[in-house]
Amino acid sequence: MERYIVGLGEALWDVLPEGAKLGGAPANFAYHASQFGHSAVAVSALGNDDLGDQTAKELDEKGLKHIMPRVDYPTGTVGVELDADGVPTYDIRTGVAWDYIPFTPEVEAAAHNCSAVCFGSLAQRSEQSRATIGKFLDATPEDCLKIFDINLRGNFYTKEVIQASLKRCNILKINDEELVAIGRLFGYPGLDIENKCWLILGKYNLDMLVLTCGTNGSYVFAKGLKSFQETPKVEVADTVGAGDSFTGAFTAAILSGKPIREAHELAVKVSAYVCTQKGAMPRLPEKFTAQIKG
């Protein structure tokens with residue numbers, strides 16, 4: 001059986017004033033990983049509705065495999081409203097399809113043949129999807145990369161969910177704002193960002209911790225290693241999906257045997273490129289994808 005890179009969690013649409021756009025970190029991550037020659041699949045749940053049909057259609061058009069069973073809840077949406085100054089506010093709807101991801105035989109088969117899986121905290125806000133994510137992680141092979149891209153959103157997380165996820169993952173991906181929130185939640189006062197990262201790496205026996213700091217660069221911490229990369233200066237079209245492309249490229253590179261520093265450098269360049277393009281899933285130039293053979 002071929003092995004899969006899996007994006008596991010929310011499938012949703014951002015409903016903007018000008019219309020709806022497909023989103024959700026798991027599909028973004030899986031799509032970018034697939035561009036490096038790896039087999040990748042997005043796992044979530046869809047409603048029996050037009051948006052569910054449209055999700056499957058768009059993912060098929062992208063050539064991205066997906067396991068998204070239909071459930072009796074609406075396909076996920078996030079309402080985006082702009083005030084008079086154009087500042088957005090978000091309404092992440094609850095009681096939607098990705099809150100009820102079932103652990104089907106097809107989902108279990110993907111777990112058994114998984115080389116890497118990326119999951120976050122948002123899809124664990126509901127009991128059913130949290131249980132499915134837990135079962136999936138427990139069913140993965142021993143050598144599977146389990147990436148917890150923490151992705152804190154609103155108040156849809158708890159200390160207990162984060163701690164359980166940290167115990168189940170071997171790679172943590174976090175940004176500087178999330179690190180501050182985790183420091184407050186876990187009671188790590190007075191530590192600078194690097195010491196917080198080393199503390200978390202050791203406490204949860206992680207293989208790697210990836211910290212992104214926006215325009216201030218990014219770090220990868222591993223036992224006996226610290227890699228830092230500056231953020232390239234580019235003309236930004238939008239930042240949607242940039243973090244997911246970073247994680248997808250980094251994962252693909254590590255699975256292809258690249259050293260951490262090389263994987264980190266590639267991930268930074270890919271995410272900077274995605275920032276220059278509109279939308280979360282642009283095609284990557286061959287100068288990037290040719291560096292890895294999946």
Measure the shortest side-chain to side-chain distance between Ser245 and Asn28 over non-hydrogen atoms and say whether it is less than 4.5 angstrom. no
Does Gln277 reach the main-chain N or O of Pro282 with its side chain, forming a donor-acceptor pair under 3.5 Å? no
Give me the atom names and distance for the closest heavy-atom approach of Phe148 to Ile162. CE2-O, 4.1 Å
Please answer whether the main-chain N or O of Gly257 pairs with a side-chain N or O of Glu262 as donor and acceptor at a distance below 3.5 Å. no
Could you check if a side-chain atom of Val236 sits within less than 4.5 angstrom of a side-chain atom of Val234, using non-hydrogen atoms only? yes
Distance-only side-chain donor-acceptor flag, Ser121 / Asn151, under 3.5 Å: no
On the 0 to 90° scale, with breaks at 30° and 60°, tag the Trp198-Phe221 ring pair as parallel, tilted or perpendicular. perpendicular
Is the NZ or CZ atom of Lys196 positioned over Tyr188's six-membered ring, under 6.0 angstrom from the centre and within 45° of the axis? no
When you look at Ser126 and Trp98, which way does the side chain to side chain contact (heavy atoms under 4.5 Å, CB included) test go after all the steps? CA-CA 9 Å; Ser126 69; Trp98 58 263; over 6 Å; no
Under the 3.5 angstrom rule, does the side chain of Thr231 hit a backbone N or O of Gly217 as a donor-acceptor pair? yes
Quick check on side-chain contact (heavy atoms from CB on, under 4.5 Å): which of Val6, Ile5, Thr247 does Ile147 satisfy it with? Thr247
In this structure, which one of Glu127, Gln128, Arg125 forms a side-chain contact (heavy atoms from CB on, under 4.5 Å) with Asp99? Arg125
Of the non-hydrogen atoms in Val96 and Gly76, which two are nearest, and what is the gap between them? CB-CA, 3.7 Å
State, to 0.1 Å, how close Ala123 and Ser129 come at their nearest heavy-atom pair, and which atoms those are. O-CB, 3.1 Å
